[in-house]
Amino acid sequence: MGRKLTVNGAVHDVDVAGDTPLLWVLRDTLGLTGTKYGCGIMACGACTVLVDGAATRTCALPLDAIGEQQQVTTIEGLAGTSRDPVQKAWAELSVAQCGYCQSGMIMSVVALLAEHPDPSDAQIAAGVTNLCRCGTYQQVRRAIRRAAEATRDA
Ligand code: FES
Ligand code: FES
């Protein structure tokens with residue numbers, strides 16, 4: 001039986017089993033392939049999106065856990081929004097190496113900066129626990145600082 005799912009401001013009718021992980025609904029049903037599959041056990045953060053603004057891992061999160069009124073935002077929904085300073089900082093500082101983890105990383109950072117516009121090192125460490133096999137952690141931290149400054153100056 002179908003149900004509604006709101007992603008990046010658009011309401012979709014989706015007809016998939018309620019225990020399907022949200023990640024696969026986004027990628028396979030809606031074609032939003034910017035969100036990646038890494039571990040499948042909620043450990044790496046590659047599959048992170050925003051649900052009502054909160055960073056949320058989706059690889060083992062059943063579709064039924066998302067209410068029809070809730071707002072899901074993926075990396076595709078960020079461009080041109082007030083959250084864009086994060087992606088801008090990422091590009092300016094060439095953060096990505098292979099890039100595979102980076103959309104999930106960026107979504108975690110967007111949620112972090114919404115809660116902590118000028119995050120401390122401890123807040124960054126607690127809020128951005130995504131894993132990066134390329135070891136971009138230093139550049140990620142620089143880009144968080146750049147995005148925070150740009151957001152404050154805007
Ligand atoms: S793929 Fe979801 S946390 Fe790793
Ligand atoms: S940039 Fe390659 S895994 Fe993070």
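Heads up: numbering here begins at 1 and tracks the sequence. Atoms within a ligand are numbered from 1 in the order they appear, just like the ligands themselves.
In terms of protein heavy-atom proximity, atom 1 (S) of ligand 1 is nearest to Gly38 N, 3.0 Å. At the top of the distance list for atom 3 (S) of ligand 2, counting protein heavy atoms only, stands Arg133 N, 3.3 Å.
Contacts with ligand 1 closer than 4.0 Å are made by no heavy atom of Ala60, backbone or side chain. The part of Gln102 lying near ligand 2 is the side chain, judged by heavy-atom distances below 4.0 Å.
In summary, the atoms of ligand 1 found under 4.0 Å from a heavy atom of Cys47, numbered by their order in the structure, are 1 (S), 2 (Fe), 3 (S). Shown in contact with Gln97 at under 4.0 Å from a heavy atom are these atoms of ligand 2, numbered in order with element: 1 (S).
By the 4.0 Å N-to-carboxylate-O rule, Lys4 lies close enough to Asp13 to be salt-bridged with it.
Look at Cys101 and atom 4 (Fe) of ligand 2: an N/O/S atom of the residue is under 2.8 Å from the metal. Atom 2 (Fe) of ligand 1 has no N, O or S atom of Cys44 inside 2.8 Å of it. Put simply, Cys132 stays out of reach of atom 2 (Fe) of ligand 2, with no N, O or S atom under 2.8 Å from it.
No donor-acceptor contact under 3.5 angstrom links the side chains of Thr58 and Arg27, judged on distance only.
Centred on atom 2 (Fe) of ligand 2, the SG atom of Cys134 and the SG atom of Cys98 lie at an angle of 100°, reported to 10°.
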